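Let me begin by presenting the structure, written as structure tokens, before commenting on it.
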Amino acid sequence: MSLYEQYPISIYNSLEKEKQVFKPIHEGRVGMYVCGPTVYSDVHLGNVRTFVSFDIIFRYLKFLGYKVRYVRNITDVGHLVGDADEGEDKIAKKARLEELEPMEVVQKYTNGFHDVMQLFNNIPPSIEPTATGHIVEQIEFVQKIIDNGYAYEKDGNVYFDVRRFGQDHEYGELSGRNIDEMLSNTRALSGQDQKNDPLDFALWKKAEGGHLMRWPSPWGEGFPGWHLECSVMSTKYLGETFDIHGGGMDLKFPHHEAEIAQNKGCCHKGGANYWIHGNMLTVNGRKMAKSEGNGFTPEQLLTGDHKLLERGYSAMTVRFFMLMSHYASTLDFSNEALQAAEKGYKRLMASVNLLEKLAKPGTASIDKAKTQELGDIVDKAMKDLSDDFNTAKAIANLFELSTKINTYYQQPSELAVIDPEVFEQVIERFKGIIFDVLGLRNEAEAAQDGKTLDSVMQVLIELRKQAKFSKNYALSDKIRDDLKAAGIQLKDEKGGEMSYTIN
RNA sequence: GGCGCUGUGGCCGAGUGGCUAGGCAGAGGUCUGCAAAACCUUGUACAGCGGUUCGAAUCCGCUCAGCGCCUCCA
């Protein structure tokens, strides 16, 4: 029996607005599309949260044994800064400001995005397609929508005909909107607007004189509309119908709604079966956003060089902080919360490091109840993860396990009564969840890599032992205190042994 | 105005109609030469008001407060 059968996943499907048992289209395989970033500026922590959320989903699906194709796009055609029919392309604007070619801007921030993803230990997607790399496909897609009668061309622009579409399909099912209500709420734009209807959105835009990013099309030189690439690339790489589509909550409308309409307008199918929306990272209850000026870059996060940051935090601390809440809840950023997460993360890692120092289990007669209890904890953590990827709940169980491990270390008699086989499985799963699913890295261990440092530490430990033995506490304390000042914590253990951790 | 979400103990943050979330901080204890760490114990929590129910923080209604989307946004 595969793990995914043992721990069936349920997902809160934004489209149906209910939690549903996840059933992939093809047994054992999952296709997932996630809306990626527009690469015209540095990503901030809020952006990172969404990608961490989907990284967990990707990792967990794989952990359960699914073969996953994870597609996450790079939006490298700038959406317009101004309203629907005017304004400069964001990337072009940035290019002008930084005196770069648009594609230099794209490359720069794509690289930056990748660095950040790596910093937070996100696994790269299986395919990372760009909008500019799929102009031909996008043109074909638009043509199909026109052929189906759901779009019209006007002076080099092509618009999606929402009203016409609404006659045959439901429009607004994802975001809970309906066409008539929306219309009554839409402020009529001035006569410059070429759309037949304010609700219509652009599939293809005519490139005006100075527009830098432009491609030839049946409707003249132009560039693709804002929502098109996701429909096109998800269809190309995952098919007309696929399993999961994800993105940030703020993309629900109009982006995802338009995407569904485009998919149906082209292929008569709505794309994904399950829609997953990650919630926002907030600061003092407000969405972290560039326009709010309350975002910061990863470098600032690490160094603490930002007015919101009391000090720096490691990437894994931040990742752990994010995982301590559910992806669909808003998460409020604060220094206090981050510091709490940091301690929690270190606590968890400390118990992981303790594993190799543990005595052998099963050296006394086996206590079935205690063995069972241990096994149940890790089993619960798996069920938590299968319950809409509830990392917060799973981590609570990991802490339970952490306490157990610490106890086993201090009281080997507790470990002696545990069935070795079960113990082995529990530990393997415990580590699997921490490193493979949650994608945490053992930062202290990495810092400890140097063998030289370890030998030096052994010398110091030996000195301190001798000082203690001769009751020269002034010296033994000095060794400990000076090391602490240098960022290394010495710990006296039972039986006179000592260990150290690097902070 | 429309659509949707949230309000949990000092802080962060899960949550199911009846059974301990968890982390951080605090208090007491064990251990220790002293620490640190760890372990054990400890907290009148569920915005307010009604209603449904044998029983609700969990379901329904109203009120209050806050947030998101409706323009690009993870």
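Chain identifiers are assigned alphabetically (A, B, ...) following the order of the sequence lines, protein sequences preceding nucleic acid strands; residue numbering begins at 1 within each chain. This structure is a prediction, so every number in the text was calculated from the model and none was measured.
- Ionic pairing of A:K370 and A:E414 is present here: one or more N-O contacts between side-chain nitrogen and carboxylate oxygen are shorter than 4.0 angstrom.
- One cannot find a donor-acceptor pair under 3.5 Å joining the base of B:C67 and the side-chain atoms of A:K287.
- Put simply, the residue from A:K94, A:K108, A:K90, A:K290 that forms a side chain to side chain donor-acceptor pair (under 3.5 Å) with A:S41 is A:K290.
- When heavy atoms are screened at a 4.0 angstrom cut-off, A:N406 is found touching the sugar-phosphate backbone but no base atom.
- Between A:Y33 and A:Y70, a ring centre-to-centre spacing not shorter than 6.0 Å is recorded.
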> Taking only Watson-Crick and G-U wobble pairs with both distances under 3.5 Å, what dot-bracket line describes RNA chain B, where [ ] shows pairs that cross earlier ones and | shows pairs with another strand?
Replying inline: (((((((..(((.....[...))).(((((.......)))))....(((((..]....))))))))))))....
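- Rounded to an integer number of Å, the gap from A:M498 CE to B:A35 P is 16 Å.
- Checked against a 6.0 Å centroid threshold, the rings of A:F296 and A:F333 count as neighbours.
- Taking the side chain to side chain donor-acceptor pair (under 3.5 Å) definition, one finds that A:Y327 meets it with A:D388, sequence neighbours left out.
- Counting distance only, with no hydrogens placed and no angle test, the side-chain atoms of A:R480 and the base atoms of B:A35 include a donor-acceptor pair under 3.5 Å.
- Between the side chains of A:N196 and A:R163, no donor N or O sits under 3.5 Å from an acceptor N or O.
- The distance between atom CD of A:E229 and atom P of B:C72, rounded to the nearest whole Å, is 13 Å.
- Checked by atom type, the side-chain pair A:Y109/A:D76 shows no donor-acceptor distance below 3.5 Å.
- No contact: A:Q411 has no heavy atom under 4.0 Å from any strand.
- Side chain of A:T282 to main chain of A:L331: a donor-acceptor pair is present (N/O by atom type, distance under 3.5 Å, no hydrogens or angles).
- One atom, OH of A:Y171, and another, P of B:C70, lie 12 Å apart when rounded to the nearest Å.
- Using a 4.0 Å heavy-atom distance criterion, A:G176 is classed as a sugar-phosphate-only contact.
- For A:D384 against B:G22, a side-chain-to-base donor-acceptor contact under 3.5 Å is absent.
- Contacts of A:K491 with the nucleic acid, taken as non-hydrogen atoms under 4.0 Å apart, include base atoms.
- The 12-atom threshold is not exceeded at CG of A:N284, counting heavy atoms of other residues, nucleotides or ligands nearer than 6.0 Å.
- Residue A:I179 contributes atom CD1, which lies 15 Å from atom C1' of B:C3 at whole-angstrom precision.
- Within 4.0 Å of A:F253, counting heavy atoms only, lie sugar-phosphate atoms of the nucleic acid but no base atom.
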> In B/S/- notation, 5' to 3', how is nucleotides 5-15 of chain B contacted by protein heavy atoms closer than 4.0 Å?
Replying inline: ------SSSSS
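- Spacing between atom CG of A:D250 and atom P of B:C70 amounts to 8 Å, rounded to whole angstrom units.
- The existence of a salt bridge linking A:D332 and A:R286 is excluded, since no basic side-chain nitrogen approaches an acidic carboxylate oxygen closer than 4.0 Å.
- Among the atoms of the strands shown, none is found under 4.0 Å from any heavy atom of A:K471.
- If you check every strand for non-hydrogen atoms under 4.0 Å, A:M280 touches a base.
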